[in-house]
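For ligands, and for the atoms within them, numbers begin at 1 and follow the listed sequence. What you are looking at is a predicted structure, and each value in this text was computed from that prediction instead of being measured.
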Amino acid sequence: MQLANATHDQLIAWESALSADYAAIKAQGLNLDLTRGKPSSEQLDLADALDGILKGDYLSPGGVDTRNYGGLDGIPEAKALGEAIMGVPAKQVMPAGNSSLTLMYQWLTAAHFFGLTGPDSAWHKTSAVKFLCPVPGYDRHFAICEQLGIEMITVPMNSDGPLMDEVERLVQSDPAIKGIWCVPKYSNPSGVIYSEETVKRMAKLAKIAGPDFRIFWDNAYAIHDLSFPGPQLTSLWEACLAEGTQDSALQFASTSKITHAGSGVAFVAASDANLKGFQKILGIQTIGPDKVNQLRHIRFFDAPGSLLAHMKKHAELLKPRFACVLKHLEEAFSDNPLGRWESADGGYFISFDTLPGLAKTVVKLAGEAGVKLTPAGATYPYGQDPSDSNIRIAPSVPSVPQVDAAMQVFVTCVKLASVRQALTQRMAQS
Ligand code: PMP
């Protein structure tokens, strides 16, 4: 379908054929969902042995009675699990509660209101606080900034990470910029993996921005490869050590998409100074994390190689769903400019771009035909995609036949919206 070269009559014919397809789909009364990147129930089943795994033995290998209060810093063996996932030395890892998003919120509020290195370092003491947000990005990161009144400045993503020239220029020119959100591996939603050069330039940012600058390195998909061995992300920790900027790096991960989402273990990895500053603030909020759950996870991944073997089982379930999405996109759009997409060999998302100005229409059309998509704009701060083109496709939850049905609807909606736009534009020109 080449809209630019099509005659008016061709466009009319396509519009009426696609409208008929769309009406037929609508009549099926579908109820499908490609919205959030959650594990499917089969993926969750993979970790069901967590239930009852302790068999009444609540002592950690190091002798901690995990049933009791305390242990703000997490149990040591859980630190080792954090190291296995994040690739940061266990000593720098703090295992925490069930959600890395909660941890990010806590670290951000700690830095903002109380200061990670003493009260004078609290960001709110400066006149305005701003954050860099590579786009498209993770809506929940943006929601945290929005709730705290932190102004968000967007930076475009390249195929090797955020546009670092722009990041450096902005940080240099505006001291109110206190941080940046990053999903460095299988970025949500674009699937990008930050290159070695990007990571190394990230590690240098604090030298430009100053000591209160923090990189929120949300490594949510650190080991979530679809093929093995998966690509290696350059270590931000090592890069920061080389620059002497380790206080600028706050790294997050969790087992939400490894074991049970919602009752997994979250981790933060940070410098000694950051951990000390944070725990002082955290100690007011809690007497300690859920160490019983930390112990359950240690036992679950006790056997050497078990973590990797487990991730391979996830990949087996995810791969056909991703392949199905890509098959539909390739069939529909590989020979025309109606859609562009990016998909990595891991993570949870496929990022799709319609022609400018059509994402909202496509999401609406799909919704009315029984296929729920993430709201258009969600991948941008304040929900505003300036070109109204990005749609995040999350195929992990539906079964393969459901993904197949949903994608038939999706491509029909994209084509229909594109043809209708072309017709409107033609009419405006004539
Ligand atoms: N970060 C990213 C980039 C995510 O995609 C998600 C889940 N969609 C999270 C964090 C949430 O992680 P958690 O369950 O550990 O809070």
Side-chain angles (χ1 to χ4, degrees), residues 33-40 43-44 47 50 74 78 81-82 85-86 93-109 131-145 147 152 157 161-162 179-194 215-226 233 236 250-269 289-290 293-294 297 311 314 318 321-322 342-344 346-351 372-375 378-381 390-397:
D33 193 331
L34 293 178
T35 54
R36 297 233 69 99
K38 299 194 292 189
S40 63
Q43 287 179 269
L44 297 169
L50 279 168
L81 179 59
I85 295 170
M86 305 170 87
V93 177
M94 182 188 124
N98 73 323
S99 157
S100 62
L101 187 70
T102 305
L103 265 180
M104 290 177 243
Y105 188 93
Q106 288 175 318
W107 276 81
L108 213 141
T109 49
F131 244 66
L132 296 182
C133 300
V135 287
Y138 181 38
D139 51 350
R140 293 185 192 273
H141 289 160
F142 304 152
I144 296 176
C145 282
Q147 190 181 57
M152 291 176 270
M157 283 288 278
I180 181 168
W181 287 113
C182 296
V183 182
K185 187 169 169 189
Y186 305 133
S187 202
N188 178 349
S190 62
V192 161
I193 301 175
Y194 289 18
I215 302 164
F216 279 68
W217 197 251
D218 179 359
N219 208 351
Y221 303 106
I223 55 168
H224 302 56
D225 306 303
L226 289 181
L233 174 69
L236 179 67
L250 305 176
Q251 304 192 50
F252 302 90
S254 78
T255 68
S256 288
K257 287 167 186 164
I258 299 175
T259 57
H260 287 168
S263 55
V265 179
F267 306 90
V268 58
D290 181 349
N293 196 34
Q294 292 182 5
H297 279 77
M311 295 317 291
H314 279 289
L318 286 168
R321 290 162 163 91
F322 274 77
E342 284 175 272
S343 175
Y348 267 65
F349 305 102
I350 291 164
S351 180
K372 248 201 238 161
L373 294 168
T374 307
T379 51
Y380 283 74
N390 188 249
I391 298 174
R392 186 182 76 175
I393 301 173
S396 54
V397 175

Full working for side chain to side chain contact (heavy atoms under 4.5 Å, CB included) between Met86 and Asn219: CA-CA 7 Å; Met86 305 170 87; Asn219 208 351; 5.5 Å; no
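For Thr374 (side chain) and Thr35 (main-chain N/O), a donor-acceptor pair under 3.5 Å exists by modelled atom type.
For a heavy-atom separation below 4.0 Å, the residues in contact with ligand 1 are Ser99, Ser100, Leu101, Met104, Tyr138, Val183, Asn188, Asp218, Ala220, Tyr221, Ser254, Ser256, Lys257.
Taking the side-chain hydrogen bond (donor to acceptor under 3.5 Å, both in side chains) definition, one finds that His314 meets it with Gln43, His310, sequence neighbours left out. Checked against side-chain hydrogen bond (donor to acceptor under 3.5 Å, both in side chains), Thr255 has the following partners two or more places apart in sequence or in another chain: Thr259, His297.
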Less than 3.5 Å apart, which donor and acceptor atoms pair up between the side chains of residues 180-189 and the rest of the protein, not counting sequence neighbours?
residue: Lys185; atom: NZ; partner: Ala222; partner atom: O; Å: 2.8
residue: Lys185; atom: NZ; partner: Asp225; partner atom: OD1; Å: 3.1
residue: Lys185; atom: NZ; partner: Pro231; partner atom: O; Å: 3.1
residue: Tyr186; atom: OH; partner: Asp225; partner atom: OD1; Å: 2.6
residue: Tyr186; atom: OH; partner: Asp345; partner atom: O; Å: 3.1
residue: Ser187; atom: OG; partner: Val183; partner atom: O; Å: 3.1
residue: Asn188; atom: OD1; partner: Arg392; partner atom: NH1; Å: 3.3

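With rounding to the nearest 0.5 angstrom, the CZ atom of Phe216 is 10.5 Å from the CG atom of Leu103.
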